[in-house]
Number of protein chains: 2
Amino acid sequence: MFNNLAPETDSASAPTADASCPKEVIDMRKFNDSIPLKLLRAREATMAFFRPILQEIGLTEQQWRVIRALNEYEELESKQLADICCILSPSLTGIINRLEASGHIKRRKSTEDQRRMLISLTDEAKTMFAGVSPRLEGRYHAIADKLSAEKMALLHELLDEVINLEP
Amino acid sequence: MFNNLAPETDSASAPTADASCPKEVIDMRKFNDSIPLKLLRAREATMAFFRPILQEIGLTEQQWRVIRALNEYEELESKQLADICCILSPSLTGIINRLEASGHIKRRKSTEDQRRMLISLTDEAKTMFAGVSPRLEGRYHAIADKLSAEKMALLHELLDEVINLEP
DNA sequence: GACATTTATTTAACATATTAAGAGATCAGT
DNA sequence: ACTGATCTCTTAATATGTTAAATAAATGTC
């Protein structure tokens with residue numbers, strides 16, 4: 001039997017601790033124990049520290065990720081950018097277009113391989129990045145402080161291992 | 001899905017080790033050390049275990065999350081579902097509509113509060129869930145095995161702490 | 001050197017994320 | 001009972017996620 005019944009009231013059954021879980025389904029994880037969901041929630045929790053600042057400067061998470069990568073690698077191909085930023089190519093196409101239209105990035109074609117598109121930040125974007133980056137770094141430190149540096153380091157290690165998992 | 005960086009060909013600058021990094025910014029994290037990005041990558045890595053199965057049955061991640069929650073809580077309000085599944089209400093509206101159109105869920109209005117929409121699985125969806133769930137559980141165990149149960153438990157603890165962080 | 005095969009990027013079609021605003025229902029205080 | 005605030009859900013507008021397919025340039029093979 002796979003269905004475990006939640007207690008029924010009319011409108012809502014709260015996330016019950018449910019101590020009456022039968023042994024046949026003892027290994028069945030509860031909904032909230034899902035690792036992918038927890039990773040999603042954890043990401044939301046951390047992004048909550050940065051979102052207000054990004055919203056203030058009118059950039060989305062993904063746009064900032066692209067700008068941050070370009071600030072570090074100077075010039076990148078579209079595919080490299082997609083890999084680094086964890087954004088699929090079709091999504092990146094739109095992001096690049098909008099960032100170019102807003103004057104944050106510039107593009108040129110590789111002279112060797114006409115397929116490749118090389119992307120880099122404009123001077124204005126570099127200046128903007130330098131101005132905003134400290135504030136975001138501050139929020140990052142806030143996270144590390146609240147969690148403790150030790151746990152933060154441990155989390156990094158574990159996440160690296162998870163990232164390297166392959167089906 | 002997200003491969004590593006391709007080797008540099010054109011004029012693209014590699015992940016600059018940049019020995020000339022001044023001390024003022026010695027604590028500036030490299031791009032790939034961002035916790036939100038790592039959480040995103042880790043989530044991708046884990047979802048890679050499940051995605052093929054979900055694609056096989058023609059359901060998206062979010063749709064499956066909703067179905068999984070309803071299977072556990074039997075009947076939920078739209079807002080409860082949004083909270084549990086970590087999906088914003090406007091997104092959930094569409095998901096609910098599509099899941100209803102495809103015969104996976106049914107909805108009724110609360111008799112007490114005409115604002116509230118109560119949602120539950122159809123019998124067909126319950127049967128489908130019971131059939132597919134074991135396969136997904138198997139993939140879940142594959143993750144736990146590759147990572148080790150101890151690290152898995154540790155990761156759960158750390159993620160719970162991160163989730164409870166507040167700006 | 002013609003040809004099928006790869007590779008980088010884009011387009012298309014649909015689903016979801018995000019923020020703001022709107023329509024209805026309920027509740028609080030008067 | 002009346003008004004205003006609050007709550008639930010939906011709609012709207014824009015941006016991104018996801019898969020498949022198209023385009024064009026480079027590569028490999030015979």
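Numbered from 1 within each chain, the chains take letters A, B, ... in sequence-line order.
For A/Thr60, a side-chain nitrogen or oxygen approaches OP1 or OP2 of D/dT16 to under 4.0 Å. A/Arg116 has no side-chain polar atom (N or O) that falls below the 4.0 Å cut-off from OP1 or OP2 of D/dA26. Proximity of B/Arg107 to the phosphate of D/dT10: a side-chain N or O atom is located under 4.0 Å from OP1 or OP2.
A/Ile57 has its CD1 atom 17 Å from the C1' atom of C/dT19, to the nearest Å. Computed from coordinates, the B/Arg43 CZ to D/dG17 P distance equals 12 Å when rounded to whole Å. Atom CZ in B/Arg98 sits about 5 Å away from atom C1' in C/dA15, given to the nearest Å. Distance A/Glu61 CD to D/dA15 C1': 11 Å, rounded to the nearest Å. Across the protein-nucleic acid pair, A/Leu81 atom CG and C/dT9 atom C1' stand 13 Å apart, rounded to whole Å. Look at CZ on A/Arg65: it is 12 Å from C1' on C/dA17, rounded to the nearest Å. Counting to the nearest Å, the C1' atom of C/dA15 and the CE atom of B/Met47 are 14 Å from each other. Regarding B/Arg51, its CZ atom lies at a distance of 13 Å from the C1' atom of C/dA15, rounded to whole Å.
B/Glu77 and B/Arg115 are not joined by a salt bridge, as no carboxylate oxygen comes within less than 4.0 angstrom of a charged side-chain nitrogen. Between B/Glu75 and B/Arg108, at least one side-chain nitrogen of the basic residue sits less than 4.0 Å from a carboxylate oxygen of the acidic one, meeting the salt-bridge criterion. In this structure, B/Arg135 pairs ionically with B/Glu56, as a charged nitrogen and a carboxylate oxygen lie closer than 4.0 Å.
Within 4.0 Å (heavy atoms only), B/Ile87 reaches sugar-phosphate atoms of the nucleic acid but no base atom. If you check every strand for non-hydrogen atoms under 4.0 Å, A/Ser78 touches sugar and phosphate atoms only. Across all strands shown, A/Leu92 has no heavy atoms under 4.0 Å from either base or sugar-phosphate atoms.
Considering only side-chain atoms of A/Glu44, the nucleotide from C/dT18, D/dT18, D/dT16 that sits closest is C/dT18. Set against D/dT10, C/dT16, D/dT8, the side chain of B/Gln63 has C/dT16 as its closest nucleotide. Nearest to the side chain of B/Glu77, among C/dT9, C/dT16, D/dC9, sits D/dC9. For A/Ser91, taking side-chain heavy atoms from C-beta onward, the closest of the listed nucleotides D/dG17, C/dT18, C/dA17 is D/dG17. Among D/dT16, C/dA8, D/dC9, the nucleotide with an atom closest to any side-chain atom of B/Lys79 is D/dC9.
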For nucleotides 20-29 of chain C, which of its nitrogen or oxygen atoms have a protein nitrogen or oxygen under 3.5 Å away, and what is each distance?
residue : atom : partner  : partner atom : Å
C/dT26  : OP1  : B/Gln114 : N            : 3.0

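The residue among A/Gly94 and B/Ser89 whose nearest nucleotide of DNA chain D lies closer to the 5′ end is B/Ser89. Both A/Leu40 and A/Thr93 sit near DNA chain C, but only A/Thr93 has its closest nucleotide nearer the 5' end.
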Discussion item. Salt bridge (charged side-chain N to carboxylate O under 4.0 Å, His left out) for B/Glu61 and B/Arg43? Distances and angles first, verdict last.
Written reply: CA-CA 12 Å; B/Glu61 297 176 31; B/Arg43 186 178 141 71; 2.5 Å; yes

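A/Cys86 approaches B/Arg41 most closely through the heavy-atom pair SG-CG, 4.0 Å. The minimum heavy-atom distance between B/Met47 and A/Pro36, with the atom names listed, is SD-CB, 3.7 Å. Residues A/Ile67 and A/Leu121 approach most closely at O-CD1, 3.8 Å, considering heavy atoms.
Looking at A/Glu112 and A/Ser110, their side chains never bring a donor and an acceptor atom within 3.5 Å of each other.
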